[in-house]
Amino acid sequence: HLKMRALITLVLAVVVQRGAHGFVIDAAGRLEGETCAEKCVVAGHCCIGNSSACQKPSCQMGCTLGNLVPSFAKCNQSCYDAISQCTYKAPDGTLFQQCGVCPERWLPPGTGSPGWWPPGYQLPTCNSCGSTKDECTLGCQFAFNPALEPQKPTLAPTPAGRPEPPVPPSQTLNFSWTHGDHMVLQQAPQTSAVYGFIGTTTGAASVSVTITPEGSVDGFSDRTTLHADVNGTSWKVLLPPTVGSITKTYTVTATCTAGCTGTVSLHDVVFGEVWYCGGQSNMALPVKYTYHRNTSVDSIAAGKFGNIRLHGLKGNMNQDQPWIRLSDAVKQPPGGGDSPLFMFSSTCYYFGESLTEGLGKDAPPIGLIHTAWGGSMIEEWVTDDVAAECTLADHAEHNELLWDTNVKPYLDMTVKGWVWYQGENNCGTLHGNSATHTGYGCLMPALVALWRKAWSVIPQTTSPKAPFGIVSLSPGDSEGAADIASFRWSQGANYGVVPNPAMPATFLAHAYDLEDVWIGPGGAGVKCNATTVNANYPCDTPWYMGPGIHPRLKKPVGQRLAYGAMATAYTASGPVTGPTISGCTYQSTSLTITFNTTLLAGAKLEVQPYDKTNPDISALSLFVNNSVWVSANIALAGPNSISVDVASVGPMTKSGVTAIRYAWGDPENAVGGDVTCCRGVTGSFCPMARCPIVASVDSPLVPAGILPTNPFLARIENGKCVCPNPQICAE
């Protein structure tokens with residue numbers, strides 16, 4: 001099981017990092033496996049304490065029993081006795097809590113931090129030997145047979161359905177399969193490229209490329225001919241920087257002039273802005289599973305968004321999509337079925353649609369490239385050497401695979417930037433921290449840096465500082481993993497705001513307040529009836545695997561991405577991000593939180609109305625009496641500050657309030673306890689963007705006219721806020 005193997009590697013690394021169990025580390029930094037407990041870990045059995053989320057005896061339990069009972073047989077019998085029990089008391093009174101969690105949380109060495117302090121991490125499951133007793137009896141074997149050596153677990157196999165690396169076509173000269181009629185090439189001031197494969201050679205190959213405006217009176221005088229660089233079996237040529245226009249199309253022709261055969265052409269090519277979209281299932285989610293699909297179709301039929309062209313790489317949720325004009329993408333295929341648009345990435349498409357609206361009547365052609373793969377992990381999208389730079393990254397045979405199949409074929413294509421929506425399958429791994437070079441907090445900025453470096457090798461093509469957009473996970477995206485707020489924090493490299501020093505020229509679209517508006521028990525869709533009628537959000541819109549994990553509310557995600565792109569890539573005015581905590585002041589019953597005025601950039605801080613009889617909806621809670629988190633009501637206190645009703649949380653001890661958090665949910669909750677600012681009867685309509693603290697922005701790209709606050713968590717020390725490193729909020 002893939003997640004189990006990831007956890008094996010994780011916990012092994014965790015034990016080495018913590019060193020609290022006295023485990024022996026060899027010269028290469030590996031666990032030697034000398035003691036029974038060490039051997040359990042080396043063998044891949046991650047329950048290292050007296051508890052097991054496997055709800056069955058753990059290998060470590062067998063080790064513990066080995067010190068309490070006189071024989072291997074008695075140890076085995078104790079394992080059998082414990083099989084059907086949630087708790088088991090050993091002969092010396094040691095209590096095994098078999099329905100607890102395994103091991104509790106990972107913290108960097110020497111932090112001395114409470115369990116709720118990030119990088120919070122909790123193992124949701126553990127590996128097992130495949131039977132109800134073998135996990136425990138393995139520990140008994142290690143305990144009573146010191147010579148027995150553990151068999152180290154193998155790397156997780158490549159999951160079924162992963163794409164194979166593209167095979168270069170043979171025979172005659174051709175363009176790369178990433179090219180095609182109707183494609184968009186990146187416009188000036190950047191230099192774009194076309195490239196392909198030589199085919200069968202008969203000697204030193206030579207290729208010429210001609211670009212000709214279509215419909216020109218004198219095609220010869222307007223024609224530009226260039227000689228391509230040939231490298232082994234491939235060729236590539238850089239084109240002159242060309243200003244984009246939706247009315248000016250080109251034919252690009254490649255001809256083999258020596259050492260090979262063939263002439264190939266691309267027609268209806270335009271110059272414009274090219275954006276690459278990657279990630280996993282919420283990026284891949286097709287347009288057909290979204291509320292705004294029919295609105296978009298109607299707009300396209302009315303002549304809007306004619307500048308957009310689509311290209312998609314076949315995945316496990318989407319079809320292979322050669323370059324296509326949007327006006328053709330809405331048409332149903334001759335054989336029936338869904339239109340190409342309906343099978344295209346919804347987040348990617350709505351980003352392009354909203355970017356067109358932001359750029360206005362002079363919007364150039366926009367080319368959208370979609371390559372997402374449902375269920376993928378971030379380690380698959382980077383090289384192995386980059387992943388190795390981040391401690392506790394997952395290690396599996398399929399790492400780097402999507403880098404090879406979905407990224408590398410596009411590296412020669414100049415792009416304006418990227419948008420990324422991924423993380424669901426990494427929620428159960430270490431969330432980590434960019435400051436400690438651990439987990440996802442390290443991997444996310446590492447991916448951004450790798451892509452920028454790889455795409456910009458040739459000067460004047462893709463910018464080495466090209467804009468990069470990220471979507472934070474929405475409620476339900478965690479797949480059951482705990483402390484999703486900590487994971488969102490790691491998506492931004494742990495600075496609490498994007499852009500930041502680890503990821504400059506980036507922008508982030510929050511989705512924590514964009515849960516599906518019609519959602520029932522367990523993340524399923526509600527049963528539509530007369531009370532679930534809403535013209536803007538049709539209740540009967542189909543969903544994919546459930547609207548909890550794949551919210552149908554993707555248009556607002558695309559809008560927020562486009563807004564971030566406008567501020568980052570196109571120098572639009574206004575804030576790049578929502579309110580960001582800069583500090584707080586606490587005295588007895590008074591608590592005021594301030595927000596960074598520079599980042600507000602003139603936007604108006606607001607507290608949206610909410611039902612104050614239910615403080616949970618405020619999304620803000622206080623850690624009181626050093627023992628419990630309690631929700632508290634909030635109110636606007638000034639142009640960049642809010643006040644917290646401390647008195648309403650109940651009696652205080654001398655310690656008072658020692659921490660605050662906003663939009664952090666309740667991660668101590670066994671099922672993850674994610675934030676929600678929509679309370680009511682299950683199955684009722686849940687308006688989007690209802691978390692109270694927001695920045696009011698005058699932009700049609702911003703859903704409901706507001707940007708949500710960046711979630712935060714902070715200690716209170718000496719009356720001031722202290723955020724977890726590297727985030728700073730001590731103003």
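Residues take their numbers from the sequence shown, with the count starting at 1. Atoms considered below: every heavy atom in the structure, side chains included; atoms not considered: hydrogens, waters and symmetry mates.
- Contact annotation: the side chain of Asn710 never approaches that of Val498 to less than 4.5 Å [non-hydrogen atoms, C-beta and beyond].
- Atom SG in Cys427 sits 5.0 Å away from atom CD1 in Ile484 (nearest 0.5 Å).
- Ring-centre distance between Tyr495 and Trp489: not below the 6.0 Å cut-off.
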>> Run the side-chain hydrogen bond (donor to acceptor under 3.5 Å, both in side chains) test on Thr290 and Tyr350 for me, step by step, so that the C-alpha distance in whole Å, both residues' side-chain angles and the decisive distance to 0.1 Å come before the verdict.
In response: CA-CA 10 Å; Thr290 64; Tyr350 289 128; 2.7 Å; yes
> Do Ile660 and Phe712 pass the side chain to side chain contact (heavy atoms under 4.5 Å, CB included) test, and can you show the C-alpha distance, the side-chain angles, and the key distance before you say yes or no?
Replying inline: CA-CA 8 Å; Ile660 61 172; Phe712 59 82; 3.8 Å; yes
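- Residue Val694 comes nearest to Ile706 through the heavy atom pair CG1-CD1, 3.7 Å, listed as atom of the first residue, atom of the second, then distance.
- Between His431 and Phe487, a ring centre-to-centre spacing shorter than 6.0 Å is recorded.
- Judged by distance alone, with hydrogens and angles left aside, the side-chain atoms of Thr391 form no donor-acceptor pair with the main-chain N or O of Thr438 at under 3.5 Å.
- Between Ala505 and Arg452 the shortest heavy-atom distance is O-NH2, 3.0 Å.
- Counting only distance, with no hydrogens or angles, the side chain of Ser354 and the backbone of Ala562 share no donor-acceptor pair below 3.5 Å.
- Atoms CD1 and CD, on Ile378 and Gln280 in that order, are 10.0 Å from each other to the nearest 0.5 Å.
- Side-chain contact between Met566 and Leu701: present, with at least one pair of heavy atoms (C-beta onward) separated by less than 4.5 Å.
- Cysteine sulfur proximity is not satisfied for Cys729 and Cys721, their SG distance being 2.5 angstrom or more.
- For the residue pair Thr462 and Ser456, no side-chain donor N or O sits within less than 3.5 Å of a side-chain acceptor on the partner.
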> Can you list the steps and then say if Cys348 with Met283 is a side chain to side chain contact (heavy atoms under 4.5 Å, CB included)?
Replying inline: CA-CA 7 Å; Cys348 190; Met283 175 62 83; 4.2 Å; yes
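- Ring-plane geometry between Phe507 and Trp275 is classed as perpendicular, the angle between the planes exceeding 60 degrees on a 0 to 90 degree scale with a lower cut at 30.
- For Glu273, the salt bridge (Lys or Arg N to Asp or Glu O under 4.0 Å) partners at least two apart in sequence or on another chain are Lys416.
- Lys555 has its side chain within reach of Glu353: a pair of non-hydrogen atoms, C-beta onward, lies under 4.5 Å apart.
- Using modelled atom types, one finds a donor on one side chain and an acceptor on the other under 3.5 Å when comparing Glu379 with Asn426.
- A heavy-atom distance below 4.5 Å is found between the side chains of Gln727 and Ile581.
- One distance of note links NE2 of His437 with SG of Cys390; it measures 8.5 Å at 0.5 Å rounding.
- With respect to Asp516, the side-chain contact (heavy atoms from CB on, under 4.5 Å) criterion is satisfied by exactly one of Ser474, Pro551, Pro475: Pro551.
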>> Using the rule given for side-chain hydrogen bond (donor to acceptor under 3.5 Å, both in side chains), can you reason through Thr347 versus Ser345, listing the C-alpha separation, both sets of side-chain angles and the distance that settles it, and then say yes or no?
In response: CA-CA 6 Å; Thr347 297; Ser345 159; 5.2 Å; no
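- At least one side-chain heavy atom of Pro692 sits under 4.5 Å from a side-chain heavy atom of Tyr662.
- Side chains of Asn494 and Tyr440: no donor on one and acceptor on the other come within 3.5 Å.
- Side-chain contact of Ser376 with Trp381: a donor-acceptor pair under 3.5 Å is present, judged by distance alone.
- Surrounding CD of Gln460 are at most 12 heavy atoms belonging to other residues, nucleotides or ligands under 6.0 Å away.
- A side-chain donor-acceptor contact under 3.5 Å links Arg661 and Ser621.
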> Is there a side chain to side chain contact (heavy atoms under 4.5 Å, CB included) between Thr568 and Thr506 once you walk through the steps?
Replying inline: CA-CA 7 Å; Thr568 305; Thr506 56; over 6 Å; no
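- For Trp455 (side chain) and Met413 (main-chain N/O), a donor-acceptor pair under 3.5 Å exists by modelled atom type.
- Ring-centre distance between Tyr410 and His311: below the 6.0 Å cut-off.
- For Phe623 and Trp629, the ring centers are positioned less than 6.0 Å apart.
- A donor-acceptor pair under 3.5 Å links the side-chain atoms of Asn282 to the main chain of Ile549, judged by distance alone.
- Side-chain contact between Leu355 and Ile366 is present, with at least one heavy-atom pair separated by less than 4.5 Å.
- The distance between the ring centers of Trp451 and Trp420 falls below 6.0 angstrom.
- Thr580 places a side-chain N or O within 3.5 Å of a backbone atom of Gly578 that can act as its donor or acceptor partner.
- Between Pro575 and Leu599, the closest side-chain pair of non-hydrogen atoms is not below 4.5 Å.
- For Ser192, the side chain to side chain donor-acceptor pair (under 3.5 Å) test picks out no residue, with sequence neighbours left out.
- Put simply, the side chain of Glu424 reaches to within 4.5 Å of the side chain of Ser281, judged on heavy atoms.
- The aromatic rings of Trp418 and Phe468 lie tilted to each other, with the angle between the two planes from 30° to 60°.
- Side-chain contact of Asp674 with Tyr512: a donor-acceptor pair under 3.5 Å is absent, judged by distance alone.
- The distance from atom OG1 of Thr178 to atom CD1 of Ile369, rounded to the nearest 0.5 Å, is 7.5 Å.
- When ring centroids are compared, Tyr289 and His550 stay outside the 6.0 Å threshold.
- Arg560 and Asp513 are joined by a salt bridge, as a carboxylate oxygen and a charged side-chain nitrogen come within less than 4.0 angstrom of each other.
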